[in-house]
Amino acid sequence: MPVERGTEIAPAKGKLGVLLVGLGAVSTTFIAGVEAIRKGLAEPIGSLTQMGTIRLGKRTENRVPKIKDFVPLASLDDLVFGAWDIFPDSAYEAALHAGVLEKELLAQLKAPLQRIKPMKAVFDQAYVKRLSGTNVKEGNNKLDLANQLIEEIAEFKRRNRCDRLVMVWAASTEVFLKPHATHKTLKSFEQAMRDDHKSIAPSMIYAYAALKSGVPFANGAPNLTVDIPALVQLAEDNNVPVCGKDFKTGQTLMKTILAPGLKSRMLGLHGWYSTNILGNRDGEVLDDPESFKTKEESKLSVLEYILQPEVYPQLYKDFSHVVRINYYPPRGDNKEGWDNIDIFGWLGYPMQIKIDFLCRDSILAAPIVLDLALFLDLAQRVGMRGVQEWLSFYFKSPQTAPDLYPEHDIFIQLMKLKNTLRHLRGEDLITHLGLEYYD
Ligand SMILES: NC(=O)c1ccc[n+]([C@@H]2O[C@H](COP(=O)([O-])OP(=O)(O)OC[C@H]3O[C@@H](n4cnc5c(N)ncnc54)[C@H](O)[C@@H]3O)[C@@H](O)[C@H]2O)c1
């Protein structure tokens, strides 16, 4: 049942626990950022929930509240963090290792970061070939591991006196998995967990544990994870919102900003070549061809959907799209992404666009983690369950209802997100028609 317009929204009272799977570059940059903002050391740049506004009614009405004043979101002061990782380092040590934030800033945040020690992970090297660690759970089978997570989630909630929880997967990208028969129903999924079947990846075990515990789940990596019928059904049955996949940062962010613009002017595309150099642990994991395949699928899909070659064959039929990621340690988290875009205009005359984006992956990803945590919590308080397509704004491969193609155009995604918020608060949706101003 879709949520009704102007529905009752439970207030965001008490503490919200944010459970992070993976305490690496993204997670520590997110936690340290929230701590720095709480202390007044920095601004929440890049976060729509903290800085974004929403226009209500007509342009002449001058009603433009901040999103966080328009819908009841958890306050940054009410967030509590927990994490799992295969390495035992505290959030402070992990942040130093990730090398995203300056040591001087981290030194000021040392006390709260040091208190966050990762719980033992559910991990199997068969799914992330380039990593091995010691902080890993033992269990009789995958269902047993899931039950251990469920106990830990409940214990975390009790110990930290949380009112509500959300879980975000910010752990390494797993090897490419195809949907399997075991993913079809909850029964077959649970049996496969008992049988230690290889179609059940660790990320699915976390997602299952979250959904069983009534905890909303967001998937920041391109892994299949919660994008399978068994877990979507479990989310719906347990009234839990879910979303994914793969945070939209860096090169794909640029692609989904630019491609809609080129298409809007009916400019054609011969090819789009994208390459990256990246030196963090994510880059190292993606150096494994099987993990890269998962990422590649996610990065490649966006142009096809935005440009619709079947609708515009003269412009977009057979364009060539290549994506490369090269592991290059000296750059650390400071990725460099190049795009060479071969376009054509009037009478078929060719032109080129070159982009050199010296970006910082985790700086772009951290505000996404924050927004997803707050919006998923809002969705749960509103009574929204199952796949949250309105959050596709944040993802490279947005999860949608079966047989529905995803919207990749970032401007459509943003309109969908804001219209969802207007709908929840009983405000008119904005169509941008605007004829009434000229009557
Ligand atoms: N930074 C970005 O812009 C961005 C964008 C899209 C997606 N992502 C994805 O987000 C994820 C995190 O990125 P990152 O840069 O923080 O990587 P990272 O390597 O710094 O951190 C990932 C952490 O996950 C841990 N881990 C791996 N498997 C685990 C498991 N089963 N349980 C618990 N912990 C586990 C690793 O030990 C590591 O500390 C990656 O999958 C990445 O592809 C990042």
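Both backbone and side-chain heavy atoms feed into the values below; hydrogens, waters and symmetry mates do not. One is the number of the first residue; the rest follow in order along the sequence. In each ligand, atom 1 is the first atom listed, and ligand 1 is the first ligand listed.
In this structure, K293 forms a cation-pi arrangement with F176, its terminal cationic atom sitting closer than 6.0 Å to the ring centre and no more than 45° off the ring axis.
Proximity of G133 to ligand 1 is not established, as no heavy-atom distance is less than 4.0 Å. Assignment of L364 to the shell around ligand 1 is not supported, since no heavy atom sits closer than 4.0 Å. Contact analysis puts D246 in contact with ligand 1, with a non-hydrogen atom separation below 4.0 angstrom.
Looking only at protein heavy atoms, the nearest one to atom 4 (C) of ligand 1 is T249 OG1, 4.0 Å. In this structure, atom 25 (C) of ligand 1 lies nearest to the protein heavy atom D85 OD2, 3.2 Å. Looking only at heavy atoms of the protein, atom 10 (O) of ligand 1 is closest to G220 O, 4.0 Å. Looking at atom 20 (O) of ligand 1, its nearest protein heavy atom turns out to be A25 N, 2.8 Å. Atom 26 (N) of ligand 1 has its closest protein heavy atom at A171 CB, 3.7 Å.
Atom-to-atom distance recorded for T28:OG1 and F81:CZ is 11.5 Å, nearest 0.5 angstrom.
At a heavy-atom distance under 4.0 Å, only side-chain atoms of K396, from C-beta outward, approach ligand 1. Here Y127 has no heavy atoms under 4.0 Å from ligand 1, in either its backbone or its side chain. Looking at A365 against ligand 1, only its side chain comes within 4.0 Å, counting heavy atoms.
For the pair L286 and ligand 1, the shortest N or O to N or O distance does not fall below 3.5 Å. Between Y206 and ligand 1, an N or O atom pair is found at a separation short of 3.5 Å. Taking only nitrogen or oxygen atoms, main chain and side chain alike, V122 reaches within less than 3.5 Å of ligand 1. Note: an N/O pair closer than 3.5 Å links R281 and ligand 1 by distance alone.
The aromatic rings of H183 and F189 sit tilted, their planes meeting at an angle between 30° and 60°.
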